[in-house]
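Each chain gets a letter, A, B and so on, in the order its sequence line appears, and its residues count up from 1.
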Amino acid sequence: MNNFSPKITAFLCNWCSYAAADKAASAQKVFPDNMNIIRVMCSGMVDPQYVLAAFKKGADGVMILGCHPGDCHYREGNHKALRRYHLLGKMLAELGIAAERFKLEWVSASEADKFIKVITDMETTLKSLGPINK
Amino acid sequence: MPIKKDKNIKRVGIFVCECGPNIKNALNMEEVVSFAAGLESVVLAKQFSLLCSDTGKNLIKQEIIKQKLNRVVIAACSPREHEITFRKVAQEAGLNPYLVQIANIREHCAWVIKDKDKATQKAKSIIRAALQRVLLHEPLEIKKIDCSPDVLVIGAGMAGMEAALTAAQKGRKVYLVENSPSIGGRTVRCEKIPPKLECASCILEPKMASILHSNNIQLLTYAEIEEALGYFGNYIIKIRKKARSIDMKACIGCGACYEACPVKVKNEYNEGLNERAAIHVPYIGALPNVPVIDRENCLRFKGENCDACARSCPFNAVRFEEQDEILEIKVGSVILATGYDLFNPSRIAEYGYGKFDDVYTNMEFERILNSNGPTEGKIVLKNNKAPNSIAIINCVGSRSREYNNYCSVVCCQQALMFTSMIKEQLPNTKVTNIYSDMCLSGKGSQEFYDQVRGKAVFIHTASPDKTRIRKNLQGKLEVRTASLLGLEKSFDADMVILMTGIVPNKYAAKVAGIFGLCRDQNGFFSEENTKLAPTTTAIKGVLIAGRCQGPKDIESSVAQGASAAGKVLSGLIQGEQIELEAMVAKINEDLCSGCKICVELCPYKAIDFDKEKKVSSVNAALCKGCGVCSSACPSGAIENKNFTPLEIFTEINNFNYE
């Protein structure tokens with residue numbers, strides 16, 4: 001199990017969390033080896049089908065990172081993301097995908113450390129859960 | 001040299017940046033480049049030391065032209081750093097800028113994956129996803145539309161006047177609409193302005209005169225907004241110009257009419273402290289100096305046959321027959337400077353406001369201090385005697401759990417000014433300030449406090465709601481409070497001044513409704529971003545300035561007024577079209593079921609429902625491309641240009657999941 005490197009697909013909003021990832025990278029932090037980052041303009045742009053597609057393709061975990069409530073570049077897109085997150089989480093459970101495999105987090109542009117924390121936490125969780133198919 | 005474009009044949013160039021040693025040393029570059037060269041539709045894969053340098057940019061330009069590239073992938077740093085740079089390069093080479101995709105192999109790979117082999121595989125995965133994505137990109141058109149450079153400013157107080165004067169440049173008309181019959185807001189009704197105790201009318205009158213004399217400003221007093229249709233660049237606004245009942249051109253403001261009028265009602269411009277006639281100018285010195293007939297109280301409009309004012313007028317300027325007029329104007333942007341109201345202290349029974357004589361609000365006391373006010377500036381009690389003691393109670397309705405939890409910012413300085421002006425006029429009168437914290441923001445205010453401190457008693461209380469006022473057996477006002485240490489204190493005062501806080505204007509909800517604006521939890525208009533965009537709002541082309549956005553001092557109101565006007569000046573230029581955002585939402589009418597979910601979700605009110613076609617449609621002038629509609633559309637009828645579902649699915653599917 002130690003060799004298992006979980007595959008994470010992360011949707012990052014252009015204004016906050018994508019910038020936080022850039023900041024973490026320029027601080028020479030380490031990202032999980034198997035993380036695929038997809039830039040979206042807003043966390044509210046993430047269609048639940050994108051999350052399903054990522055799981056279907058083989059992601060062990062999916063994350064949506066957006067601006068903190070109240071900080072959304074588009075006013076309230078992150079609130080919409082939050083609403084969908086709760087619904088989608090329930091649906092994923094019905095499909096047999098553990099709730100821990102799907103996460104929504106708020107990461108502001110300045111929170112490089114928080115970005116690293118949420119992705120490494122996710123990696124740790126997924127490592128303990130194991131690959132999704134098994 | 002124009003390049004031939006065959007839409008069906010994709011010719012992609014992949015440029016891999018070494019970023020000095022940053023990317024080069026972290027990956028096996030040769031492997032990455034040869035992988036890229038072997039991908040679908042790729043006609044060129046090239047490695048270069050620094051693509052963002054002039055040499056790098058020229059290289060890309062030349063290759064786009066030479067190889068007739070119609071798609072480009074730049075494998076380099078974060079798109080947040082150089083996406084704009086490379087889009088520009090493409091454009092200069094004759095390629096639509098939206099046919100470029102960045103593969104972020106520096107921040108997402110070279111810098112963060114320490115194992116060289118793993119990083120190399122990762123870079124390949126990122127490049128493949130970017131390539132597959134860019135193959136789907138469509139060239140986007142940057143649309144331009146005609147617009148009106150003209151501006152509507154609503155509210156002629158400090159912020160509105162500054163906005164109007166700043167915006168009133170050559171070739172740009174400013175409509176300044178004021179609800180009351182005169183301009184200058186509340187500030188002009190004050191005697192002095194803290195902390196320098198400048199004479200308010202002296203500094204304001206020249207400004208008001210410039211408004212009245214400006215060729216580019218059309219001032220509409222005694223008028224209100226009825227309706228706003230349209231969007232940024234093209235608003236059509238309906239204004240109700242209430243009947244003033246006076247011919248403004250004929251009247252010279254001599255005042256003969258209001259002396260002749262038999263009606264006497266409370267004068268709201270003096271906070272009800274004296275009376276005025278039905279035909280009146282709001283206060284002495286009000287501009288424009290033209291009276292108005294208050295039709296609610298005028299005998300003639302109550303059915304009597306009075307024409308005292310008309311008979312007294314030497315210029316025949318009275319117009320009983322005048323009707324409200326509806327004007328329709330076309331403007332490109334709107335600046336809201338609708339001001340504020342003051343907290344009503346009768347809501348707090350413990351202060352006895354309205355019950356006891358000589359308990360005044362700060363605005364009432366401003367009028368008492370004013371040389372044109374009801375007492376001509378003399379500080380007197382109701383019985384006309386000078387008070388021997390005055391208590392000033394701060395934070396009335398502010399910083400309280402029960403009423404408004406926010407600080408009103410300006411009342412502390414106003415209380416210090418009152419203290420200073422009372423001591424100047426009545427050196428032997430004892431002044432006691434009851435406060436719970438001194439808010440001394442702004443230039444010169446701490447120095448002002450230091451200067452006034454020694455002139456009065458200051459009682460520091462733990463909380464403003466600990467203070468009570470009652471009448472004692474001698475009929476005197478008794479102020480009871482508790483010091484910071486909890487010690488009960490009580491003392492008599494001849495006069496009490498309640499420093500009421502700033503609250504949203506009573507018209508705020510109506511105005512917000514007309515323009516589709518959001519309001520914050522306290523009811524003030526919401527700015528786009530408190531720190532970075534304090535004058536713009538979620539609605540493009542609608543700006544806010546002054547206390548309608550929240551409590552602030554005069555200099556901030558003026559600065560915000562100028563800033564809002566600056567946004568208008570730089571945003572809409574006469575004769576020039578405005579460029580619209582290209583990455584906007586697009587609705588496929590064939591797929592739209594007309595459920596209107598998107599209409600409700602859009603934070604910018606950019607989606608309208610076409611009742612005839614029964615489908616939604618996006619107004620590209622308002623859409624900011626957030627994509628919240630596209631992800632919510634149950635029919636998949638909406639796509640965000642350059643972030644279409646197909647493009648995102650393709651990106652997801654082309655990462656390496658081995």
Side-chain angles (χ1 to χ4, degrees), chain A residues 5 7-15 18-19 21-60 62 70-81 83-84 109 116 119, chain B residues 22 77-81 83 101-102 104 106-115 118-119 121-122 125-126 129 133 518 526 528-530 537-538 583 585 601-604 624-633 636 638-640 642-643 645 647-658:
Chain A
S5 168
K7 295 178 276 290
I8 304 170
T9 299
F11 296 92
L12 270 54
C13 90
N14 182 54
W15 307 98
Y18 199 95
D22 281 356
K23 207 163 273 175
S26 54
Q28 303 288 313
K29 303 279 184 191
V30 179
F31 288 12
D33 290 341
N34 254 330
M35 185 165 71
N36 295 320
I37 294 177
I38 292 161
R39 180 167 74 130
V40 287
M41 294 311 283
C42 175
S43 55
M45 179 186 256
V46 180
D47 188 321
Q49 294 182 78
Y50 301 162
V51 177
L52 295 174
F55 277 121
K56 189 178 163 201
K57 189 70 194 174
D60 297 301
V62 177
D71 290 354
C72 178
H73 185 81
Y74 304 105
R75 301 204 61 87
E76 52 202 21
N78 49 3
H79 290 256
K80 315 269 160 64
R83 287 203 311 225
R84 287 177 198 145
I116 295 297
I119 58 169
Chain B
N22 282 296
C77 59
S78 169
R80 286 180 58 88
E81 196 150 332
E83 187 171 55
Q101 177 69 11
I102 308 286
N104 183 355
R106 193 180 74 179
E107 277 83 348
H108 292 175
C109 176
W111 275 352
V112 295
I113 297 174
K114 306 297 172 187
D115 179 292
K118 281 184 181 163
Q121 298 316 314
K122 178 97 235 173
S125 162
I126 294 173
R133 190 191 204 281
C518 292
S526 292
E528 194 177 5
N529 182 294
T530 311
T537 67
M583 299 198 303
L601 277 180
C602 178
Y604 304 107
K624 296 200 179 184
C626 71
V628 81
C629 54
S630 69
S631 55
C633 177
I638 313 181
E639 52 179 41
N640 234 62
N642 214 41
F643 280 90
E647 285 163 359
I648 296 174
F649 279 129
T650 305
E651 204 177 342
I652 296 167
N653 290 332
N654 279 283
F655 278 118
N656 188 5
Y657 286 84
E658 294 309 308

K.L.:
Taking every non-hydrogen pair under 4.5 Å, which of A/R39, A/Q49, A/H73, A/E76 racks up the most with chain B?
P.N.:
A/R39
K.L.:
Among A/C72, A/S26, A/A24, A/C13, which residue has the highest count of heavy-atom pairs closer than 4.5 Å to chain B?
P.N.:
A/S26
K.L.:
Name the region of A/A59, side chain, backbone, both or neither, that has any atom closer than 4.5 Å to a heavy atom of chain B.
P.N.:
both
K.L.:
Side chain, backbone, both or neither: which part of B/N640 has a non-hydrogen atom closer than 4.5 Å to chain A?
P.N.:
side chain
K.L.:
So, do B/P645 and A/Y50 sit near enough that their side-chain heavy atoms are less than 4.5 Å apart?
P.N.:
yes
K.L.:
Nearest 0.5 Å, what's the NZ-CZ distance between A/K56 and B/F649?
P.N.:
9.0 Å
K.L.:
With a 4.0 Å cut-off, would you call B/E107 and A/K29 a salt bridge?
P.N.:
no
K.L.:
Is the closest side-chain donor-acceptor distance between A/D60 and B/Y657 under 3.5 Å?
P.N.:
no
K.L.:
State, to 0.1 Å, how close B/G625 and A/Y74 come at their nearest heavy-atom pair, and which atoms those are.
P.N.:
O-OH, 4.1 Å
K.L.:
Between chain A and each of B/N22, B/V112, B/I652, B/N529, count heavy-atom pairs under 4.5 Å; write down the option with the most.
P.N.:
B/V112
K.L.:
With a 4.5 angstrom heavy-atom cut-off, could you sort out which part of B/E647 is near chain A: side chain, backbone, both or neither?
P.N.:
neither
K.L.:
Looking only at heavy atoms, what is the nearest atom pair of B/K114 and A/Q28, with distance?
P.N.:
NZ-O, 3.5 Å
K.L.:
Let me know if B/A110 has heavy atoms under 4.5 Å from chain A in its side chain, its backbone, both or neither.
P.N.:
neither
K.L.:
For each of A/D47, A/V40, A/T9, A/V46, tally heavy-atom pairs with chain B at distances under 4.5 Å, and name the one with the top tally.
P.N.:
A/D47
K.L.:
Checking heavy atoms, do the side chain of B/N104, its backbone, both or neither come under 4.5 Å from chain A?
P.N.:
side chain
K.L.:
Looking at B/G627, B/P603, B/A129, B/A119, which has the largest count of heavy-atom pairs under 4.5 Å with chain A?
P.N.:
B/G627
K.L.:
Could you tell me the separation between the CD atom of B/E651 and the CZ atom of A/F11, rounded to the nearest 0.5 Å?
P.N.:
8.5 Å
K.L.:
Can you tell me how far CE of A/M41 sits from CG of B/N642, rounded to the nearest 0.5 angstrom?
P.N.:
9.0 Å
K.L.:
Is there a donor-acceptor contact under 3.5 Å from the side chain of A/K80 to the main chain of B/L601?
P.N.:
yes
K.L.:
Shortest non-hydrogen contact from B/N656 to A/N36?
P.N.:
O-ND2, 3.9 Å
K.L.:
Of all of A/K7, A/M35, A/R84, which one pairs up most often with chain B through heavy atoms under 4.5 Å apart?
P.N.:
A/R84
K.L.:
Please look at B/C629 and chain A and tell me whether the side chain, the backbone, both or neither of the residue comes under 4.5 angstrom of a heavy atom of that chain.
P.N.:
neither
K.L.:
Grab the two heavy atoms, one from A/I37 and one from B/F655, that are nearest each other, plus how far apart they are.
P.N.:
O-CZ, 3.6 Å
K.L.:
With a 4.5 angstrom heavy-atom cut-off, which part of B/S125 approaches chain A: side chain, backbone, both or neither?
P.N.:
side chain
K.L.:
Minimum heavy-atom separation for B/C626 and A/C42, please, with both atom names.
P.N.:
O-CB, 3.5 Å
K.L.:
Hey, what do you get for OG (B/S78) to OH (A/Y18), rounding to the nearest 0.5 Å?
P.N.:
4.5 Å
K.L.:
Closest heavy-atom contact between B/K122 and A/N34?
P.N.:
NZ-C, 4.1 Å
